[in-house]
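Remarks on the structure that follows.
Here the structure is a predicted model, which means the values were calculated and not measured. Ligands are counted one by one from 1 in listed order, and the atoms in each one are counted from 1 as well. Heads up: numbering here begins at 1 and tracks the sequence. Basis for what follows: all heavy atoms, side chains included, without hydrogens, waters or symmetry-related copies.
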Amino acid sequence: MAGPDAWLLAFRSAAVARSAAPGQFLLVRPPDCSRAMLRRPISISDVSGDRVELLFRVAGAGTRSLAGLTPGRVIDIIGPLGSPFDIVPGPVRHIAVAGGIGIAPLRFLLRRIRARRLPVTLCYGCRTKRELVPHCAVDRIVATDNGSCGIRGLVTTALSRAVDSHPGAAVYACGPWPMLRETARICAERGLSCQVSLESRMACGVGACQGCAVKGTGSYLTVCKDGPVFDARTVDWDQEPPT
Ligand SMILES: Cc1cc2nc3c(=O)[nH]c(=O)nc-3n(C[C@H](O)[C@H](O)[C@H](O)COP(=O)(O)OP(=O)(O)OC[C@H]3O[C@@H](n4cnc5c(N)ncnc54)[C@H](O)[C@@H]3O)c2cc1C
Ligand code: FES
């Protein structure tokens with residue numbers, strides 16, 4: 001376990017490790033479940049050598065079966081899939097904003113930003129200190145609902161402070177829809193680059209079924225193929241959150 005409610009699953013795959021980019025995901029077949037159960041999308045949370053990590057919260061039957069995996073088992077995956085985060089070039093501060101298990105794809109992004117020796121800050125929000133999960137050491141501002149670690153309140157309050165200290169920053173976010181919407185608003189108000197990783201129920205995972213579509217400011221966007229990472233300005237934030 002990586003926290004009271006979070007599981008870290010590590011496996012070796014040279015093929016995935018070689019081609020994975022931060023923000024991409026795998027479709028994972030839940031082990032020990034009916035073959036009729038759809039594969040579940042899980043972000044690539046970190047890569048080191050040929051070791052790949054997935055970090056997930058148990059939400060239902062599929063993720064519960066993943067949490068029950070024992071060492072030595074083989075898992076059935078498709079990927080890497082989807083469009084990754086694009087690390088903004090230039091001498092700017094990079095600010096990652098994570099809400100809860102939204103830290104998952106950002107761990108890998110932080111590793112890649114650090115490898116380029118770029119300045120980075122993590123704004124990390126959780127309900128309590130117990131929910132914080134391990135990630136690489138970077139400058140960070142933590143926000144918890146109950147004040148048990150860092151500032152008491154929303155991670156977007158931490159983000160506002162961070163962007164005001166770093167004009168021109170590039171922002172990358174993953175977390176619940178209301179957090180992403182507020183992150184997009186804060187960045188739009190200041191004219192900052194903002195990339196968000198969205199979640200939606202998936203079936204095919206490759207843009208064929210439209211099952212994961214969300215409203216964009218122009219046309220509909222598939223989370224699996226056009227995303228999951230989008231420029232925040234291309235998402236219609238007035239829609240109901242995708243389920
Ligand atoms: C691109 C992408 C990357 C993701 N990465 C991660 C990750 O790194 N770690 C992680 O913990 N979770 C991640 N998720 C969410 C994860 O896919 C769902 O929690 C999982 O599919 C639930 O399956 P289940 O069988 O356990 O639960 P189910 O019984 O299928 O559903 C239980 C609950 O989870 C919700 N849910 C189901 N599927 C999704 C979904 N695709 N997105 C959001 N909510 C869903 C349902 O609405 C329901 O309330 C990601 C989702 C997407 C689309
Ligand atoms: S899951 Fe089929 S189009 Fe995205």
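Cluster membership for I42 and F25, using ILVMFWY side-chain heavy atoms within less than 4.5 angstrom, is not shared. When hydrophobic clusters are built by joining Ile, Leu, Val, Met, Phe, Trp and Tyr residues whose side-chain heavy atoms come closer than 4.5 Å, directly or via intermediates, L9 is grouped together with V28. Each of I78 and L38 belongs to its own hydrophobic cluster when Ile, Leu, Val, Met, Phe, Trp and Tyr are linked at side-chain heavy-atom distances under 4.5 angstrom. By the rule that hydrophobic residues join a cluster once side-chain heavy atoms approach within less than 4.5 Å of another member, F56 and I75 end up as members of one cluster.
Screening R51, R107, R111 for a side-chain hydrogen bond (donor to acceptor under 3.5 Å, both in side chains) involving D46 leaves a single residue, R111.
A side-chain donor from one of D139 and T121 sits under 3.5 Å from a side-chain acceptor of the other.
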- [ ] Start with the C-alpha distance between D164 and R190, add both sets of side-chain angles, then the distance that settles salt bridge (Lys or Arg N to Asp or Glu O under 4.0 Å), and finish with yes or no.
- [x] CA-CA 9 Å; D164 287 340; R190 293 163 176 82; 2.9 Å; yes
Open item on the list: Checking T63 against W7 for the side chain to side chain contact (heavy atoms under 4.5 Å, CB included) test, could you report, in this order, the C-alpha distance in whole Å, the side-chain angles of both residues, the deciding distance, and whether it holds?
Closed with: CA-CA 9 Å; T63 42; W7 294 81; over 6 Å; no
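The presence of a protein heavy atom under 4.0 Å from atom 18 (C) of ligand 1 is ruled out. In this structure, atom 45 (C) of ligand 1 is not in close contact with the protein, since no protein heavy atom lies within 4.0 Å of it. Under the 4.0 angstrom criterion, atom 49 (O) of ligand 1 counts as lacking any protein heavy-atom contact.
Listed by first then second residue, pairs satisfying salt bridge (charged side-chain N to carboxylate O under 4.0 Å, His left out) with a partner in residues 193-217 number zero, not counting sequence neighbours. The ring pair (Phe, Tyr, Trp, His ring centres under 6.0 Å) analysis of residues 224-243, with sequence neighbours excluded, yields the pairs W177-W237.
Set against the non-hydrogen atoms of M202, the atoms of ligand 1 under 4.0 Å away are 1 (C), 53 (C). Those atoms of ligand 1 with a heavy atom of A61 less than 4.0 angstrom away are 25 (O), 26 (O), 29 (O). Against a heavy-atom cut-off of under 4.0 Å, I101 is close to the following atoms of ligand 1: 11 (O). If you number the atoms of ligand 1 from 1 as listed, the ones under 4.0 Å from a heavy atom of A104 come out as 8 (O).
Considering backbone and side-chain N/O of P41, one or more are found under 3.5 Å from N/O of ligand 1. Between G62 and ligand 1, an N or O atom pair is found at a separation short of 3.5 Å.
Here the heavy atom of the protein found nearest to atom 36 (N) of ligand 1 is R201 NE, 4.0 Å. In this structure, the protein non-hydrogen atom closest to atom 20 (C) of ligand 1 is T63 CG2, 4.1 Å. What sits closest to atom 3 (C) of ligand 1 on the protein, heavy atoms only, is S43 OG, 3.4 Å. With respect to atom 11 (O) of ligand 1, the closest heavy atom belonging to the protein is R57 N, 2.8 Å. Summary of contacts: the protein heavy atom closest to atom 22 (C) of ligand 1 is A59 CB, 4.0 Å.
In this structure, the side chain of R152 does not engage the main chain of G150 through any donor-acceptor pair within 3.5 Å.
Counting heavy atoms only, R40 comes closest to atom 28 (P) of ligand 1 of the residues Q24, E199, R39, R40. When the options G23, A6, G60 are ranked by their closest heavy atom to atom 29 (O) of ligand 1, first place goes to G60. Nearest to atom 9 (N) of ligand 1 by heavy atom, out of L106, I42, L55, is L55.
Between R127 and D145, none of the side-chain N atoms (NZ, or NE/NH1/NH2) sits under 4.0 Å from a carboxylate O, so this pair counts as no salt bridge.
Taking 2.8 Å as the limit, the number of protein N, O or S atoms around atom 4 (Fe) of ligand 2 is 2.
For T156, there are no side chain to side chain donor-acceptor pair (under 3.5 Å) partners, not counting sequence neighbours.
Interatomic distance, CD1 of I141 versus SG of C123, reported as 4.5 Å (0.5 Å rounding).
Note on ligand 1: S200 sits in its first shell, one or more heavy atoms being nearer than 4.0 Å.
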